[in-house]
Amino acid sequence: MPLTLLRYGLRPRHVSFRDIPPTPELKRGYDVVIIGGGGHGLAAAYYLGKAHGIRNVAVLEKGYLAGGNTARNTTTIRSNYLTEESIRFYKEGVGLFATMSDDLGFNIMFSQRGQLTLAHSEGALRSFHLRAEMGKHMGTRTEVVDAKTVRDLCPHVNLDLGGLHEVTGGLWHADGGTARHDAVAWGYAKRAAELGVEIHQRTEVTGFRKAGDRVTHVVTGRGEIAAGQVLQAVGGLNGQVAEMAGFRLPIRCFPLQAMVTQPLKPFLDILLSSADLHTYLVQSSRGEIVIGGGSDPYQLASTRSTLDQKEHLAEGALHLFPFLHQVKLLRQWTGITDMTPDYSPIMGASPLQNYWLDCGWGTWGFKATPVAGKRMAEAVATGRVPDLLRPFDLRRFDRFALVNEMGATAASH
Amino acid sequence: MKLLTCPINGPRNITEFQYLGPVRGASAERAGELVEALFYHENPLGPLKEWWRHTPSNTVFIAERHTVSDEILATWLPNRRPD
Ligand SMILES: Cc1cc2nc3c(=O)[nH]c(=O)nc-3n(C[C@H](O)[C@H](O)[C@H](O)COP(=O)(O)OP(=O)(O)OC[C@H]3O[C@@H](n4cnc5c(N)ncnc54)[C@H](O)[C@@H]3O)c2cc1C
C-alpha cells in the first residue's frame, strides 16, 4: 500500500479515478438483490463476490451510499458483551476490523485504543465482573479495574470522589477501538464494484412480487427486477420493508442522537463510557470529541433532534470532563434505529424461502459490519445459516430463546 | 420544549411524562397471542396510540401521535375517547 501510494505520488501526470462507479441501468434480474446500501449490505455484496464467486449482484440504496446509520454512528467497536453467543460473534467482527485496511487496500483507520466503561456503584461493578469473566472465558481482553487504574488509563477524568457519581472502578476492554465509518462502507463498495457487483443509488424498493413463499421480483422506483435471492439490510426501516414483503418483525423505531465538539488537542486516547450517566466519549483523529448516549425516550421514525437529549449528552460529558464547559459543538445529528426486544440482531432466514434478514441492528451494528457481511454472504451463497449466526434467528422469539444484551448495550453501543 | 397535553393537567413539558409504549392489539392473556404481545409491538409510520403517564400527578392516559412528524394528535383518559 505505501509503495503504491509513493509511486502514484511521484507520477508526473495523475489519472483521476472514482472509487464508486456511477449508478448503471438496472438489468432484468440478478442472482442476488441486496436491499440497503449501508455498511452491512455493501459488506455482504463484497463477500458474495470475493468469497463465493457470486457477482451478478445488485445493491439497491434509496438515498446515497451509506447515508443511513452507517454515516451516523459513533464507531464504537468492541466485543465485551454478556452472552457466549454474542461474544463469539462480535469477537470475530473485531478481528476482521484489525485486518480490513490490508484486506481491502483501503485505509479504514482502525484504531484499537481500548474501551473503558466506568462504574459508579457496586451494582455496576458486579455486572462488570460477570462480563469480564465471560469475556476471559471466550478469549477476549476484558477485565475489571479499580479507580486507580481508571486514573492511569484516563488521567483527565473526573473521579468525583465523595460525590454523587464517584467512580468505583471500571471495565477495561483492550480489544475495543474505532474505525472510520464512511471508509468501511466505501472500501467494501469499491472492491465489490470491482468484482462486478452493481451499486444502484437513489433506487428505492417499494414492493415485491411473490409466487407462494418466494419473492420473484423486487419492485423499485426505477422498475421491476427479477431476483434469485434477496437480502434485506435497511437499517432503521427494517420493520417497514419486511411488512412490504408480507411478514412482521419484532422491531420498534427509536431515534438515537449524537454530536461532536470543535477539535481540541489530544487528551483522550481511549474510548470512555459511563453506564450510569448514559454518556460515552471518544476523541476523533481530527481532535473532535464525539459524544453519544442513550436512545430517545419514545418511538419515532424521524431523524429530528431534541434539545433535551443534546443537553443530557452535554451534562454527562461535563460531569466526566468539567473542563469541556466552554467547548463549542460543531455538529449534531440523529439516526433511526431498529430496536429488538433483546438488544440483539436478527440474522438468517425469514418466513420466505429466498429472502434473508440482516436487521435489528439498533444502536450497536457498526461493529458487526464485516462479520455480518461475511457470514450473511455465506448463508445466501450456501443456503445454510452458519452456526455463528444461528442464535440470532428470527424464530428465537417464538421459542423464548432471547439473547439478552440490554445491560451490555444500553450506554455504549 | 415539546408540549404534551395531559387530559387532567393540560399542556406540560414532555419531560414530565413517562412513555409506556403502544396500546397493544394483542393480548398477553390469550396463549396464541403471547409472543405477539410480548415481542411484536406496533411500529407504524403514521398515527400510533400509546400509553403515557404524567409523572408528577400520576395520571395515566392515551395519546395519539404521528411517528414520523412527532405531532401529538389527541390525548384522552382511558375509556373516555373524545368523538
Ligand atoms: C447516533 C448513532 C450512534 C451509533 N453508534 C454506534 C456505535 O458506536 N457502534 C456500533 O457498533 N453501532 C452504532 N450505531 C448503530 C449502527 O450505526 C447501525 O447498527 C449500523 O450502521 C447499521 O448498518 P446497516 O448497513 O445495517 O444500516 P444503514 O447504514 O442504516 O443502511 C441501510 C440503508 O438502507 C437504505 N434503505 C432503507 N429503506 C430502503 C428501501 N426501501 N429501498 C432501498 N434502500 C433502503 C437506507 O437509505 C440506508 O442507507 C449507532 C447508530 C446511531 C444512529
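Letters go in sequence order (proteins before strands), and every chain restarts at 1. The model shown is predicted, which means the values in this text are computed figures rather than measured ones.
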Parallel, tilted or perpendicular, as decided by the 30° and 60° cut-offs, for the rings of Y90(A) and Y81(A): parallel
Within the 6.0 Å centroid threshold, strictly below: W52(B) and Y19(B): yes
Top contributor to chain B contacts, counting heavy-atom pairs under 4.5 Å, from I251(A), T303(A), L307(A), I336(A): I251(A)
Ion pair check, D342(A) and R396(A), cut-off under 4.0 Å: yes
So for D398(A), is it side chain, backbone, both, or neither that comes closer than 4.5 Å to the heavy atoms of chain B? both
Chain A interface, residue from M1(B), E42(B), K2(B) that has the most non-hydrogen pairs under 4.5 Å: E42(B)
Which answer fits Q299(A), side chain, backbone, both or neither, if we ask what part of it has an atom under 4.5 Å from a heavy atom of chain B? both
So what's closer than 4.5 Å to chain A heavy atoms on E36(B): side chain, backbone, both or neither? side chain
By a 4.5 Å heavy-atom criterion (distance strictly below it), what part of L300(A) contacts chain B: side chain, backbone, both, or neither? both
What closest approach, in Å, do D338(A) and W361(A) show between heavy atoms, and which atom pair accounts for it? OD2-N, 3.2 Å
In terms of heavy-atom contacts, P255(A) and Y298(A) come closest through CD-O, 3.7 Å
Using the ring of each side chain (for Trp, its six-membered ring), is H54(B) parallel, tilted or perpendicular to F17(B), with breaks at 30° and 60°? tilted
With a 4.5 angstrom heavy-atom cut-off, which part of L402(A) approaches chain B: side chain, backbone, both or neither? side chain
Using 4.0 Å as the upper bound for N to carboxylate O, is an ion pair formed by E224(A) and R209(A)? yes
Residue P341(A) versus chain B: region with a heavy atom under 4.5 Å: side chain
Find the one option among V68(B), T15(B), N13(B), L20(B) whose heavy-atom pairs under 4.5 Å with chain A are most numerous. V68(B)
